[in-house]
Amino acid sequence: MILILIVLSLSLVSAQTYEIKGAQVKYYGSHVFGDWIGISNDLNGSIFYDKNNSNHKAELQVALRSLDSRNSNRDSNMLTYTEALDFPLVKFKSKIIIMDGDYVKIKGELSFHGVTNTINSTAKINMLDGLEVDGAFLINLNDYNVDPPTLMLIRIDDIIKIEYFISAN
């Protein structure tokens, strides 16, 4: 969900927009009866980098339908509880991106289930061959008005970890 985020930098260009060439978003869910991971390889968007100033931007989105936990019942329930027909996308738009060595600090707005909240993430950057960004952040389902589903009358954990990997040229 993500969604997710990011950054910049191939050195010789002063300003450039990078298109996503490969990406993966993972969400981690937990319940007393077991943990799971949902994965999407369908993150879309672009990253703008301007090495002459700090006007870096990222706009990214992932379709909820693209998340696969390898359990069709769980995936169907996730789509029901997140009301994916009404809110099919998770979107991220950066507000502040700050380079810090091999890391980037990212602050932006995550829109999910019709609610937009500010999130913060720190990601590792690799600029050896294009641009690669690898990071994570946490969300609370309650902050996005998602009522966590139950299994045997026990709710899943409200806190969901989101990891993302983005490769761009």
Side-chain angles (χ1 to χ4, degrees), residues 1-29 35-72 74-76 78-79 82 84-139 144 160-169:
M1 304 178 136
I2 133 27
L3 310 235
I4 17 303
L5 311 115
I6 310 327
V7 50
L8 358 11
S9 169
L10 270 341
S11 13
L12 300 175
V13 179
S14 65
Q16 183 172 350
T17 299
Y18 296 95
E19 296 299 320
I20 307 300
K21 72 173 186 177
Q24 186 173 75
V25 176
K26 295 180 183 178
Y27 81 91
Y28 292 79
D35 300 332
W36 67 93
I37 301 171
I39 300 173
S40 173
N41 294 310
D42 194 25
L43 179 71
N44 298 296
S46 62
I47 299 167
F48 177 78
Y49 172 70
D50 186 346
K51 77 175 187 175
N52 292 328
N53 62 49
S54 59
N55 188 28
H56 318 301
K57 296 178 182 166
E59 289 192 32
L60 308 166
Q61 67 181 26
V62 64
L64 287 169
R65 287 196 173 283
S66 70
L67 292 161
D68 181 8
S69 71
R70 300 197 189 282
N71 179 316
S72 60
R74 180 174 35 238
D75 294 341
S76 177
M78 180 272 295
L79 294 173
T82 60
L85 289 176
D86 294 327
F87 309 107
L89 301 174
V90 178
K91 298 179 182 180
F92 174 80
K93 184 174 183 179
S94 66
K95 291 296 178 193
I96 300 171
I97 298 176
I98 301 171
M99 299 294 291
D100 187 11
D102 290 340
Y103 291 86
V104 62
K105 296 177 184 176
I106 304 160
K107 180 176 184 176
E109 294 180 343
L110 184 72
S111 298
F112 169 49
H113 194 246
V115 177
T116 300
N117 287 312
T118 299
I119 62 154
N120 294 292
S121 180
T122 299
K124 183 154 179 60
I125 299 173
N126 178 343
M127 297 178 285
L128 295 177
D129 184 26
L131 172 66
E132 292 182 348
V133 182
D134 194 358
F137 59 93
L138 300 174
I139 66 167
Y144 293 90
I160 302 292
K161 180 180 180 181
I162 309 294
E163 289 181 347
Y164 54 89
F165 173 78
I166 300 169
S167 177
N169 278 339

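Note: hydrogens, waters and symmetry copies are ignored here, and every other heavy atom, side chains too, is used. No experiment lies behind these values; they were computed from the predicted model shown.
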Side-chain (S121) to main-chain (A136) donor-acceptor, under 3.5 angstrom: yes
Distance (rounded to the nearest 0.5 Å) between I162 CD1 and L138 CG: 8.5 Å
Pairwise distance CG(N169) to CD(E132) - rounded to 0.5 angstrom: 9.5 Å
Check against side chain to side chain contact (heavy atoms under 4.5 Å, CB included), L110 and I139: CA-CA 10 Å; L110 184 72; I139 66 167; 3.8 Å; yes
A123 versus I106, closest heavy-atom pair with distance: CB-CD1, 4.2 Å
Test side-chain hydrogen bond (donor to acceptor under 3.5 Å, both in side chains) applied to T82 and Y144, step by step: CA-CA 9 Å; T82 60; Y144 293 90; over 6 Å; no
Closest contact, heavy atoms only, V62 versus S40: CG2-OG, 3.4 Å
Minimum heavy-atom distance between A58 and I97, given as atom pair plus value: N-CD1, 4.0 Å
Inter-residue atom distance I96.CD1 - I98.CD1, 0.5 Å rounding: 6.0 Å
Between CZ on residue R74 and CG on residue L67, distance to nearest 0.5 Å: 12.0 Å
Min side-chain heavy-atom separation D68-D75 under 4.5 Å: yes
Interatomic distance, Y103 atom OH to K124 atom NZ [nearest 0.5 angstrom]: 4.5 Å
Partner set under side chain to side chain donor-acceptor pair (under 3.5 Å) for Q24, not counting sequence neighbours: N41
Gap between atom CD1 of I125 and atom CE of M99 - 0.5 Å precision: 3.5 Å
Neighbour count above 12 (heavy atom, 6.0 Å) for R65 CZ: no
Evaluation steps, side-chain hydrogen bond (donor to acceptor under 3.5 Å, both in side chains), between Y28 and E163: CA-CA 8 Å; Y28 292 79; E163 289 181 347; 2.8 Å; yes
Ring geometry between F137 and Y164 (parallel below 30°, tilted from 30 to 60°, perpendicular above 60°): tilted
Test log, rule side chain to side chain contact (heavy atoms under 4.5 Å, CB included), inputs N126 and D134: CA-CA 9 Å; N126 178 343; D134 194 358; over 6 Å; no
Nearest heavy atoms of T17 and S46, plus distance in Å: CG2-CB, 3.9 Å
Test side chain to side chain contact (heavy atoms under 4.5 Å, CB included) applied to L64 and L89, step by step: CA-CA 6 Å; L64 287 169; L89 301 174; over 6 Å; no
Check against side chain to side chain contact (heavy atoms under 4.5 Å, CB included), V25 and I39: CA-CA 6 Å; V25 176; I39 300 173; over 6 Å; no
Side-chain heavy atoms of I119 within contact of F92, under 4.5 Å: yes
